[in-house]
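We count ligands from 1, going down the list as the structure has it; atoms in each ligand are counted the same way. All values below come from the heavy atoms of this structure, side chains included, with hydrogens, waters and symmetry mates left out. Start at 1 with the first residue, then count along the sequence. The structure displayed is predicted, hence computed values, not measured ones.
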Amino acid sequence: MLLSIESSCDDSSIAITEIKTKKLLFHKKISQELEHSVYGGVVPELASRLHAQALPKILQSCNEYLPHIKAIAVTNEPGLSVTLVEGVTMAKALSLSLHVPLMGVNHLKGHIYSLFIEKEVQFPLTVLLVSGGHTQVIEVESLEKMCTVASTMDDSFGESFDKVAKMMQLAYPGGPVIEKLAKGANRLRYNFTVPLLQNKKIAFSYSGLKNAVRLAVEAGNEEDYPDIAASFEHIATKHLTYKLNKYFQNHPPKRFAIVGGASANLYLRAEIEKLLTPYKVQLLLAPLQYCSDNAAMIGRVALEMYDKRLFTPIDALHVSPRCDL
Ligand code: KG4
Ligand code: ZN
């Protein structure tokens with residue numbers, strides 16, 4: 001069995017995966033949403049302290065598996081350095097005490113493999129990764145051959161939902177809150193500009209849209225919030241589908257997937273499905289419980305790495321907060 005740990009942001013999670021069957025035997029996650037909610041976003045130092053409490057608690061509840069563990073996997077990049085360090089320190093301690101090797105796992109790869117928990121992988125694959133830290137299009141050929149072909153120039157898709165929710169003094173994370181508020185409201189009432197419409201680059205930007213929403217929030221009152229949320233969600237999504245459509249003209253997808261915390265957004269899912277109709281390609285989605293950060297997806301990458309004996313020596317396992325794929 002493999003034991004995997006995730007602590008790159010505000011979720012503490014541990015999973016146990018069976019090597020032979022790829023089965024997820026244990027998975028537990030403690031989220032810190034409530035604790036960060038009062039601040040309208042993640043406070044790194046607080047997150048770090050909460051991981052230090054939560055990870056040992058989760059580990060205690062899977063004690064029975066420890067004699068069967070053959071390797072420890074841990075997210076070591078990218079993420080918040082002070083929270084990544086909590087998981088990495090625990091992973092190193094476990095590796096030393098159980099005498100098993102370590103694997104440093106890239107969090108973005110984790111999101112991609114969230115599609116294949118208890119399933120065989122399906123590559124090649126074009127992926128839209130939308131989370132709190134990332135908005136990127138990735139061409140995936142294999143575990144070791146992944147290439148980012150487009151990314152955001154400023155805020156990420158999920159982060160823009162968080163910031164809009166904060167402007168309206170709503171809870172963190174903003175994604176589910178804004179999605180709920182937008183449901184049934186008028187998406188066309190506020191004519192926000194689609195970002196980078198005239199720009200030929202396949203890239204994303206959410207800071208301009210965020211500022212336009214801020215002006216609408218300041219000019220309106222609480223009764224306008226549902227329409228503002230709906231119009232924002234509409235334009236934020238249109239920006240993605242417009243740029244993807246442009247990209248597909250030269251790079252038609254063979255298979256397409258949306259991953260990351262914000263891939264739970266149903267309006268986004270529906271709009272991407274519409275976009276894919278003429279290409280007749282399959283849309284892969286992770287089960288809702290594996291869209292946001294979790295250790296099961298890290299364990300799924302670890303199964304592939306274990307197969308290839310891609311271990312990381314203990315003194316070479318560092319955290320890389322800003323690393324890409
Ligand atoms: O993948 P994730 O759990 O953490 C990172 O790796 O960043 O993604 C969290 C992000 C947050 O910004 C959250 O607001 C966003 O995903 N999110 C959503 C939805 N659910 C979560 N954004 C839009 N619509 C949603 N339903
Ligand atoms: Zn994530």
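Relative to atom 24 (N) of ligand 1, the option among I178, L129, N265, V42 with the closest non-hydrogen atom is N265. For atom 3 (O) of ligand 1, the choice among V164, D10, N294, D293 with the nearest heavy atom turns out to be D293. Counting heavy atoms only, G132 comes closest to atom 10 (C) of ligand 1 of the residues G132, G175, S8.
With the Zn ion (ligand 2) as the vertex, NE2 of H107 and NE2 of H111 span 100° to the nearest 10°.
Residue G158 has at least one heavy-atom neighbour below 4.0 Å for each of these atoms of ligand 1: 12 (O), 14 (O). Residue-ligand proximity, E159 to ligand 1, at heavy-atom distances under 4.0 Å covers atoms 12 (O). Taking a cut-off of under 4.0 Å to the non-hydrogen atoms of E179, the atoms of ligand 1 that pass are 25 (C), 26 (N). Atoms of ligand 1 found under 4.0 Å from any heavy atom of H111, numbered from 1 in the order shown, are 1 (O), 6 (O). Proximity to S292 (heavy-atom distance under 4.0 Å) selects the following atoms of ligand 1: 3 (O).
Between F204 and the options T152, L196, D154, a side-chain contact (heavy atoms from CB on, under 4.5 Å) holds for only T152. The ring pair (Phe, Tyr, Trp, His ring centres under 6.0 Å) test with F256 is passed by exactly one of Y279, Y247, F248: F248.
Residue P173 has no nitrogen or oxygen atom sitting less than 3.5 Å from a nitrogen or oxygen atom of ligand 1, judged on distance alone. At under 3.5 Å, not a single nitrogen or oxygen of F157, backbone or side chain, sits near a nitrogen or oxygen of ligand 1.
With respect to the Zn ion (ligand 2), D293 has OD1 as its nearest N, O or S atom.
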Next on the checklist: Test side-chain contact (heavy atoms from CB on, under 4.5 Å) on D10 and L50; report intermediate values, then the result.
Outcome noted: CA-CA 8 Å; D10 58 344; L50 293 170; over 6 Å; no
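No side-chain heavy atom of I202 sits less than 4.5 Å from a side-chain heavy atom of V149.
Ring to ring, F232 and Y190 are not that close: their centroids are 6.0 angstrom or more apart.
Figure legend: cation-pi geometry between R187 and Y267, with NZ or CZ positioned under 6.0 Å from the six-membered ring centre and within 45° of its axis.
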